[in-house]
Amino acid sequence: MSKKRTLIIRIVSIVLAALMLLSVGTVLFQTVFAADGVPATGSDPQSKLPVFILIGAVILVAVCVLLPTLKKKK
């Protein structure tokens, strides 16, 4: 693969991962503040799934940014 194509794929991957991070962060933000106004009707008033997705998105962005620099050092 050419260096130009690799660079384009890397940039697109980072942009998509950043968009995923932003969207999951927005959902988490809305979930946290919407839970204050709604009374809890079930046993678990708030789902922990958005937190786990946000952590996964942060790890994905870190891997997309750090992996190429770690490969170049070797």
Side-chain angles (χ1 to χ4, degrees):
M1 226 186 308
S2 68
K3 288 186 178 189
K4 184 177 180 180
R5 184 173 175 176
T6 305
L7 179 67
I8 291 171
I9 291 172
R10 195 173 294 155
I11 290 171
V12 169
S13 299
I14 290 171
V15 167
L16 289 175
L19 285 173
M20 183 177 76
L21 180 69
L22 181 67
S23 65
V24 172
T26 304
V27 168
L28 181 64
F29 186 74
Q30 288 177 349
T31 304
V32 167
F33 288 109
D36 293 338
V38 178
T41 56
S43 61
D44 189 15
Q46 193 173 5
S47 174
K48 293 179 178 67
L49 183 62
V51 175
F52 295 130
I53 295 173
L54 182 64
I55 291 169
V58 169
I59 291 171
L60 180 65
V61 170
V63 167
C64 285
V65 171
L66 296 177
L67 191 63
T69 57
L70 293 176
K71 279 187 172 182
K72 286 184 181 181
K73 287 183 180 179
K74 290 184 178 182

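No experiment lies behind these values; they were computed from the predicted model shown. When a residue number appears, it is its place in the shown sequence, counting from 1.
Remark: Leu7 engages Ile11 in a side-chain contact (heavy atoms from CB on, under 4.5 Å) (not counting sequence neighbours). Val63 meets the side-chain contact (heavy atoms from CB on, under 4.5 Å) test with Ile59, Leu67; sequence neighbours excluded.
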Please table the atom pairs, donor to acceptor, closer than 3.5 Å between any side-chain atom in residues 16-26 and protein atoms at least two apart or in another chain.
{"residue": "Ser23", "atom": "OG", "partner": "Leu19", "partner atom": "O", "Å": "3.3"}
{"residue": "Ser23", "atom": "OG", "partner": "Met20", "partner atom": "O", "Å": "3.0"}
{"residue": "Thr26", "atom": "OG1", "partner": "Leu22", "partner atom": "O", "Å": "2.8"}

